[in-house]
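Written below as structure tokens is the structure these notes are about.
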Amino acid sequence: MSTITPTAPPRFHPLRDSATMLRRNLEHMLAYPSMTVMLVGMPVVFLLLFVYVFGGTMGAGLGGPTGGRGEYVDFIAPAILLMTITAAVQGTAISVAMDMTEGIIARFRTMHIARVSVLTGHVLGSLIQTMISLALVLGVAVLVGFRPTASPLEWLATAGFLMVVTFALVWLAVALGQASKTVESASNVGMPLLLLPFLGFAPVESMPAGLRWFAEYQPFTPIIETLRGLLMDEPLENNLWIALAWCAVTALGGYLWSKKLFNRDPSR
């Protein structure tokens, strides 16, 4: 009498599937370069506007050794870099929302692939796109007078810190994109992330009491101050550890929220 040997369930390959999803997102980025141009364009426009229109007056109020436009571009550049990240992650939320509304995510759920790979592909693709955008914006900042005094080690630390911040905010954006019912709502839900870096365009001490209190305790201020300290070789104080703590909370919260939304019943 013959016996039926049970067939082992097919194995998942998270690394291979994640690489496939990453390639898909990179191909999408290359097919639609206008998205990258738009993400770079907005922080560049604000950089040029504030440096050349307001830079002379704002820089004179900083009390530096030279004052003026040159002083202000050194002050504002870290906030512009953070704005570049927030603009890029808004593009991530839109991309995820497009996949959700077009049924791509629903199809991926039915395929024999590691579920984590779908989200990982978006995160890694956005991380690469954001790093490219940051390099372009930093280049423009140097052209308009940004003169960082960071050592090679501090430049390396800056790159690593920017990657950590991007990683955290991308996971949040992935969750926001899944939670959005439409692409239009996904483009609006991340608007606060675009506005908060503006608080780094002026010294916190110069703000009214209520706004100063908010600026001091909102999560982007220690991030901006850490970037400013690394790039301009200034003391970091506790800003680095506070910024890393905010990034850890944001990344973990975004990941858990994204995972819950991705695994939910599609009919709900």
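Not measured: the values here are computed from a predicted model. We're numbering straight along the sequence, starting at 1.
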(request) State plainly whether one hydrophobic cluster holds both L49 and V37, where clusters connect Ile, Leu, Val, Met, Phe, Trp and Tyr through side-chain heavy atoms under 4.5 angstrom apart. (result) no
(request) Hey, could you give me the CD/NE2 distance between Q178 and H122, rounded to the nearest 0.5 Å? (result) 8.5 Å
(message) Contact between W155 and L231 at the side-chain level, heavy atoms closer than 4.5 Å - yes or no?
(response) yes
(message) For V170 and L127: C-alpha separation, side-chain torsions, deciding distance, then whether side chain to side chain contact (heavy atoms under 4.5 Å, CB included) applies.
(response) CA-CA 7 Å; V170 164; L127 188 62; 5.6 Å; no
(message) Using a 6.0 Å cut-off, check whether atom CE of M42 has over 12 heavy atoms from anything other than its own residue.
(response) yes
(request) Measure across P78 and I224 and return the closest heavy-atom pair with its distance rounded to 0.1 Å. (result) CB-O, 3.9 Å
(request) Answer whether the closest heavy-atom distance between the side chains of V40 and T84 falls below 4.5 Å. (result) no
(message) Less than 4.5 Å apart, side chain to side chain, heavy atoms only: is that true for L236 and W241?
(response) no
(request) Grab the two heavy atoms, one from V137 and one from P43, that are nearest each other, plus how far apart they are. (result) CG2-CG, 4.1 Å
(message) Rounded at 0.5 Å granularity, tell me how far OG1 in T149 sits from CD in E234.
(response) 7.5 Å
(request) Answer whether the closest heavy-atom distance between the side chains of L193 and F220 falls below 4.5 Å. (result) yes
(request) Identify the two heavy atoms, one from A93 and one from A186, that lie closest to each other, and give their separation to 0.1 Å. (result) O-CB, 3.8 Å
(message) Can you confirm whether L176 sits close enough to W257 that some side-chain heavy atom of one is under 4.5 Å from a side-chain heavy atom of the other?
(response) yes
(message) Are F75 and P203 packed together at the side-chain level, in the sense that at least one heavy-atom pair is separated by less than 4.5 angstrom?
(response) yes
(request) Answer yes if the side chains of S126 and Q129 hold a donor-acceptor pair under 3.5 Å, and no otherwise. (result) no
(request) Answer yes if L162 and L153 sit in the same cluster of Ile, Leu, Val, Met, Phe, Trp and Tyr residues linked by side chain heavy atoms under 4.5 Å apart, and no otherwise. (result) no
(message) Quick check on the hydrophobic clustering: are L211 and Y217 connected, directly or via other members, by side-chain heavy-atom contacts under 4.5 Å?
(response) yes
(request) Decide whether M232 and F161 are clustered together by the hydrophobic rule: side chain heavy atoms of Ile, Leu, Val, Met, Phe, Trp, Tyr closer than 4.5 Å, transitively. (result) yes
(request) Taking the six-membered ring for Trp and the single ring otherwise, decide whether the centroids of F46 and F198 are under 6.0 Å apart. (result) yes
(request) Enter the distance from D74:CG to F146:CZ here, rounded to the nearest 0.5 Å. (result) 6.0 Å
(request) Could you tell me whether the side chain of T158 and the main chain of L230 form a donor-acceptor pair under 3.5 Å? (result) no
(message) Counting neighbours of CG on N238 that are heavy atoms of other residues, nucleotides or ligands and sit closer than 6.0 Å, is the number greater than 12?
(response) no
(request) For the pair R212 (side chain) and V204 (backbone), establish whether a donor and an acceptor sit closer than 3.5 Å, ignoring hydrogens and angles. (result) no
(request) Could you tell me whether the side chain of V123 reaches within less than 4.5 Å of the side chain of Y255, counting heavy atoms only? (result) no
(request) Using the side chain to side chain contact (heavy atoms under 4.5 Å, CB included) rule, take L244 and V164 through it: C-alpha gap first, then chi angles, then the decisive distance, then the call. (result) CA-CA 8 Å; L244 291 177; V164 169; 4.1 Å; yes
(message) If we count only N and O atoms by modelled type, under 3.5 Å, do the side chains of T92 and S95 hold a donor and an acceptor together?
(response) no
(request) Enter the distance from L138:CG to I80:CD1 here, rounded to the nearest 0.5 Å. (result) 12.0 Å
(message) Rounded to the nearest 0.5 Å, what separates atom CD1 in I85 from atom OG in S133?
(response) 10.0 Å
(request) Flag yes if V53 and F201 sit in one hydrophobic cluster, no otherwise; membership is Ile, Leu, Val, Met, Phe, Trp, Tyr, and two members link when side-chain heavy atoms are under 4.5 Å apart. (result) yes
(message) If I take atom CG from residue L227 and atom CG from residue N239, how far apart are they, to the nearest 0.5 angstrom?
(response) 10.5 Å
(message) Within the structure provided, determine whether L47 and I76 are in side-chain contact (heavy-atom separation under 4.5 Å).
(response) yes
(request) Could I get the full list of salt bridge (Lys or Arg N to Asp or Glu O under 4.0 Å) partners for E225, not counting sequence neighbours? (result) R228
(request) Looking only at non-hydrogen atoms, find the nearest pair between V96 and G177 and report the distance. (result) CG1-C, 3.9 Å
(message) Please give me the minimum heavy-atom distance between A251 and W171, naming the atom from each residue.
(response) O-CB, 4.1 Å
(message) Tell me if a side-chain donor or acceptor on D233 pairs with a main-chain N or O of G229 at a distance below 3.5 Å.
(response) no
(message) Which heavy atom of M83 sits nearest to which heavy atom of L194, and what is that distance?
(response) CE-O, 4.1 Å
